There are 2 protein chains.
Amino acid sequence: MTETPHVPDFDLDGFTPYRLAVAAQKLSEQLAKQYRVKFGISIPEWRVLVHLSRAAGNVAVSVRDIEARVAMEKSKVSRAASRLEENGYIKKTVNDTDRRLVHLSLTDKGRALMAELLPLAIAFQQEIAAQLDETMSGFEAGLDRLLNEDE
Amino acid sequence: MTETPHVPDFDLDGFTPYRLAVAAQKLSEQLAKQYRVKFGISIPEWRVLVHLSRAAGNVAVSVRDIEARVAMEKSKVSRAASRLEENGYIKKTVNDTDRRLVHLSLTDKGRALMAELLPLAIAFQQEIAAQLDETMSGFEAGLDRLLNEDE
DNA sequence: TTGACCTCATTGCAAATGCAACGAAAATAG
DNA sequence: CTATTTTCGTTGCATTTGCAATGAGGTCAA
């Protein structure tokens, strides 16, 4: 006897994409806030930095590499890299063997920044692990499924 | 013997906030694409619609209610609602007892839209459930933890 | 070697976003 | 009853975003 005739019942709170989006936003904001206020770094910048720091072993890292690895549009990567370069955290050099590629690498200042940032991230990860507690492994297993399933 | 002295090891792929963000983006885009191309509806608009459709039992729903329930800024809600009104999916009426409040409700056209949209969402949820399979309950349990933990 | 395609990164532009400020209305204090 | 404070929704503005277009460089075939 409601006035919604053909509309199926649907509960947003039980809708996995929605739950996931809200949880992701919550965690991202919590962490992003920390490095935004302390270092003026945005999320795209953070992702670029982390990837560069990971690749410090020194595989050449191009914008395209990061785009693929880090799930961000190339224009986003490009702009983040430009801001980071302006602030002296990374430098861009043209790859000699293929001059279309821009090789990105951390400067000393960038490495110093990461030495401060990464412990924050590690601590945050531990908080999350504590929060998830015994649900952690199941949660991560599900996440793996969602991330690896192609398409 | 690497050239990164004080920088801790850190693997972005093992970082839960990152994994969560990527998974959320992936799922959201998959679904959003469907109703964007078919109906020209954006994610914020979708969320408003779903909430209105849920509340169809007819609790008065204001912008503020949706802001709180749906994890979106009020300006985002407000603009989504305006677009929906322009397109005839919802109507806004001033609440008589408190004239600051704007009461949002689905029009017939809006209900007809939801009758088409919701089955898509339900089917998508089933796909996800199939993908998660036996990891589903563990995954959702973890998600609950992350969503409910206050601050 | 030349010309037709492809790839990489940047940029222009329109749209979306976050935040602060605003005006209107209600609640509260005095 | 007036004055202050709070709440609600919208809007202005600067920034960010996504997408398409661009230009520069590379590849490949004829």
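Values in this document were obtained by computation on a predicted structure and should not be read as measured data. Residue numbering restarts at 1 for every chain, and letters A, B, ... go by the order of the sequence lines.
Electrostatic pairing of A/Glu134 and B/Arg145 counts as a salt bridge here, judged by a charged N lying under 4.0 Å from a carboxylate O. Ion pairing between a basic and an acidic side chain is recognised when a charged N comes within 4.0 Å of a carboxylate O; A/Glu140 and B/Arg19 show such pairing. Using a cut-off of 4.0 Å between Lys/Arg side-chain N and Asp/Glu carboxylate O, A/Lys91 and A/Glu85 are scored as not salt-bridged.
Closest to the side chain of A/Glu73, out of D/dC19, D/dT17, D/dT10, is D/dC19.
Rounded to an integer number of Å, the gap from B/Leu101 CG to D/dG9 P is 5 Å. Between A/Arg100 atom CZ and C/dC8 atom P there is a gap of 6 Å when expressed in whole angstrom units. In this structure, the CE atom of B/Met72 is 10 Å from the P atom of C/dG18, given to the nearest Å. As rounded to whole Å, 16 Å separates atom C1' of C/dA24 from atom CG of B/Asp96. Rounded to whole Å, the distance from CZ on B/Arg64 to P on C/dA26 is 17 Å. Computed from coordinates, the A/Lys92 NZ to D/dA24 C1' distance equals 15 Å when rounded to whole Å. Per the geometry, CD belonging to A/Glu67 stands 12 Å off C1' belonging to D/dG18, to the nearest Å. Between A/Glu45 atom CD and D/dT17 atom C1' the separation is 14 Å, expressed in whole Å.
A donor-acceptor contact under 3.5 Å is formed by the side chain of A/Arg79 with the base of D/dG18.
Linking ILVMFWY residues whenever their side-chain heavy atoms come closer than 4.5 Å, directly or via other members, leaves B/Val77 and B/Leu101 in distinct clusters.
Here A/Lys74 lies in heavy-atom contact (under 4.0 Å) with a base.
In terms of position on DNA chain D, the residue among B/Asp65 and A/Ser42 whose nearest nucleotide sits closer to the 5' end is B/Asp65. Nearest-nucleotide mapping onto DNA chain D: of B/Ser78 and B/Arg36, the residue sitting toward the 5' end is B/Ser78.
Considering only side-chain N and O atoms, B/Ser75 lies nowhere under 4.0 angstrom from the phosphate OP1 or OP2 of D/dT10. Taking 4.0 angstrom as the limit, B/Ser62 places a side-chain polar atom (N or O) nearer than this to OP1 or OP2 of D/dG9.
Not a single donor-acceptor pair under 3.5 Å links the side chain of B/Ser53 to the backbone N or O of B/Leu49.
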